K.L.:
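One structure follows; several queries about it will come next.
Counting starts at 1 for both ligands and their atoms, following the listed order. Owing to the predicted nature of the structure, the values given are computational and were not obtained by experimental measurement.
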Amino acid sequence: SLLRAPAQHIPGYNYDESKIAPYTLLDPLRLSNGAPVTTAKQWTTERRPEILHLFEENVFGVTPPAALHAVAHARVVEHNDHALDGLAVREQIDLTFESAPGITPPAEALHNLRILLYLPAAAVAAHRPIPIVLGLNFTGNQSVVDDPGILPTPLWSKPKGSSTLLHELPADSTRGTATQQWQVRMLLTHGYGLATIYYGDLEADFKDAAQYSVRNLYSTPVQLAAPNAWGAVGAWAWGLSRALDSLLVDPRIDPNHIAVTGHSRLGKAADWAAAQDPRFDALLSTESGHGGQSIQRRALGETVYHLEHSFPYWFCPNYAKWVGHDSEIPADGNLLVSLMAPRPLYVASAQGDEWSDPKGEFLSALSASRVYTLLGKPALPPNAQPPAIDHPIGLDGFVAYHERTGKHDVTDFDWENYILFLDNLWGKQTPA
Ligand code: GTR
């Protein structure tokens, strides 16, 4: 099923470092005309836009201007001052999107996004500005913590052997099933709020489900077929920015301390959201892998072929050009994470997730660190080596990395270190 972690070791793919064909990393500090980038201004005005454009044209597609100017109506549908035994203020907010002028979306197109927001009750009472972690969830808002007050919204599924997509309210038994992956109580007790949205509110994660996507509110079918049209990752990333719009106008929230997080395909969405939208103040990305933070030209584990074969709708049509040409892709993971600079970046890997190539993710963090250094922020030193398992590095700077024990997943270890990293940068929050 969709919720199952991918096979840890799929035969037919290379997992042997010694069998990687010689490769040269793309250089975040060299313009495509070959000129070196030596000043912060050159980075910001020349190289950064160039890299963003490479990702729009080759990987994720262009988020259309009409979508960036989306009109949304916000409505608080639920509010509770004593959620989670008094630990939290809980709020559930609906954003309803209008389609762009001149566009008539199919009747089935989605246009409602439900934000679940938890704020530490003590910080709200003390009027302290609250830092927030925002992320897309796989299994519905009701799954992130065992809280009967969470209003469930319909989830997408496709029963085995059927070709019909279902969009149905989840069973009560699914409440809190992703507690480990979200660690809501840990965040709250450390003074952080959590905002989360269900990715299926934006686009169903299935082949041939494009008619339901919010993309239809801003792009015509002809526009969606363009070689550089946005795909599902673009839609999910866009949704993160719309949730951010609503967090930024909430007077309880610290507008300068909003981190975005995501795991795996939703890590790719978080990477792409943070790359495009400088209002995200930090990126905490767990195992976003190939098409995310891994180095595609290493082709260790997942390949463009696999991504394009299984999930063509995640990317722009142009991405198919790189099938079998992993080593030539002009927009690679190290360039994607460099777009975070100079904002805090945490790259998290897992030892049992060879499919996403932990070393490739490390090399991306290391390569992007050069940009942070140019911009005057402490990051990984050029001679840094992949750290020992379960030993994060860079927690005292702007670029951190770890490879933890365990499989493709999000664990309390990931969250403990995300919190340490943010505490070091943003100041330790008063405990709840
Ligand atoms: C896998 C995909 C990975 C990753 C993962 C996930 O099947 O190959 O790139 O995104 O799904 O989202 O769990």
K.L.:
Any idea how Y346 and F421 line up, ring-wise: parallel (<30°), tilted (30 to 60°), or perpendicular (>60°)?
P.N.:
perpendicular

K.L.:
Which ligand 1 atoms does H306 reach within 4.0 Å, using its non-hydrogen atoms?
P.N.:
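Selected atoms, number and element: 8 (O).
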
K.L.:
For ligand 1, does H263 get within less than 4.0 Å through its side chain, its backbone, both, or neither, judged by non-hydrogen atoms?
P.N.:
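Neither part.
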
K.L.:
In terms of side-chain geometry, is the basic nitrogen of E403 or K359 positioned less than 4.0 Å from the acidic oxygen of its partner?
P.N.:
no

K.L.:
Is it the case that ligand 1 has an N or O less than 3.5 angstrom from some N or O of H290?
P.N.:
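No - when backbone and side-chain N and O of H290 are compared with those of ligand 1, no distance drops under 3.5 Å.
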
K.L.:
Over 60° means perpendicular and under 30° means parallel, so tell me whether Y372 and F398 are parallel, tilted or perpendicular.
P.N.:
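Y372 and F398: tilted rings.
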
K.L.:
Using a strict cut-off of 4.0 Å, indicate which atoms of ligand 1 neighbour a heavy atom of S264.
P.N.:
4 (C), 5 (C), 6 (C), 10 (O), 12 (O), 13 (O)

K.L.:
Could I get the full list of side-chain hydrogen bond (donor to acceptor under 3.5 Å, both in side chains) partners for S241, not counting sequence neighbours?
P.N.:
D277

K.L.:
Would you check if the distance from the ring center of Y218 to the ring center of W238 is below 6.0 Å?
P.N.:
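Yes; W238 has its ring centre under 6.0 Å from that of Y218.
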
K.L.:
Is atom NE2 of H73 surrounded by more than 12 heavy atoms (other residues, nucleotides or ligands) closer than 6.0 Å?
P.N.:
yes

K.L.:
At under 4.0 Å between heavy atoms, is it the side chain or the backbone of L307 that contacts ligand 1, or both, or neither?
P.N.:
side chain

K.L.:
Are any of the N or O atoms of W314 closer than 3.5 Å to those of ligand 1?
P.N.:
no

K.L.:
Out of H309, R265, E287, E302, indicate the one that has the non-hydrogen atom closest to atom 3 (C) of ligand 1.
P.N.:
E302

